[in-house]
Amino acid sequence: MADEFKHLVLVKFKENVVVEDILKGLEKLVTELDIVKSFVWGKDAESHEMLTQGFTHAIIMTFNSKEDYNTFASHPNHVEFSATFATVIDKAVLLDFPAISVKVPAK
């Protein structure tokens, strides 16, 4: 059984985009909406170009359930941010999935 629901986005931003500004906007969005259980992002630092296929950033959001994700996805603040986000990306891959925990981090 799934423990959580994940929203994974792999992104290649357009040239001349101030990526930090976009990510700060995303950070602001998720801190305003309590329905997001956790949010992490990072920039690739190790992989070879042929393996990344041009994608440079990963964004992962965790929700308690698919229903919580659906609520987030349809929230007006998310819809507005997504419209802006779409204008600054060259390409993206999105995966939304129930997460199966095999090894849970120690608390």
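Numbers here simply count residues along the sequence, with the first being 1. The structure displayed is predicted, hence computed values, not measured ones.
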key: Passing candidate, side chain to side chain contact (heavy atoms under 4.5 Å, CB included) with Leu29, options Phe85, Phe39, Phe72   =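 Testing Leu29 for a side chain to side chain contact (heavy atoms under 4.5 Å, CB included) against Phe85, Phe39, Phe72 leaves exactly one candidate, Phe72.
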
request  = State which residue, out of Ile60, Thr52, Val93, fulfils the side chain to side chain contact (heavy atoms under 4.5 Å, CB included) condition with Leu10.
outcome  =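 Exactly one option meets the side chain to side chain contact (heavy atoms under 4.5 Å, CB included) with Leu10, and it is Val93.
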
Any side-chain heavy-atom pair from [X] and [Y] closer than 4.5 angstrom?
X	Y	answer
Lys28	Asn77	no
Trp41	Val11	no
Phe81	Ile22	yes
Asp68	Lys37	no
Tyr69	Ile35	no

If every non-hydrogen atom of [X] is compared with every non-hydrogen atom of [Y], which pair is closest and at what distance?
X	Y	value
Lys12	Thr56	CA-OG1, 4.1 Å
Lys6	Ala99	CG-CB, 3.7 Å
Val88	Val17	O-CG2, 3.7 Å

ask   = When you measure from the side chain of Lys66 to the backbone N and O of Asp96, does any donor-acceptor pair fall under 3.5 Å?
value =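 Such a contact is absent between Lys66 side chain and Asp96 backbone.
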
Distance from [X] atom [atom1] to [Y] atom [atom2], nearest 0.5 Å?
X	Y	atom1	atom2	value
Phe97	Glu4	CZ	CD	10.0 Å
Leu8	Ile59	CG	CD1	9.0 Å
Phe5	Thr62	CZ	OG1	11.0 Å
Thr84	Ile89	OG1	CD1	11.5 Å

query = Can Thr71 and Leu33 be said to form a side chain to side chain contact (heavy atoms under 4.5 Å, CB included), step by step?
reply = CA-CA 10 Å; Thr71 299; Leu33 301 176; over 6 Å; no

query = Is the shortest side-chain N to carboxylate O distance from Lys24 to Glu20 below 4.0 Å?
reply =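 Salt bridge absent between Lys24 and Glu20.
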
request  = Verify the neighbour count for atom CD of Glu80: are there more than 12 heavy atoms of other residues, nucleotides or ligands below 6.0 Å?
outcome  =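 At most 12 heavy atoms, drawn from other residues, nucleotides or ligands, come within 6.0 Å of this atom.
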
inquiry  = His7 vs Phe63, test: ring pair (Phe, Tyr, Trp, His ring centres under 6.0 Å). Steps then yes/no.
reply    = CA-CA 8 Å; His7 175 61; Phe63 299 87; 7.1 Å; no

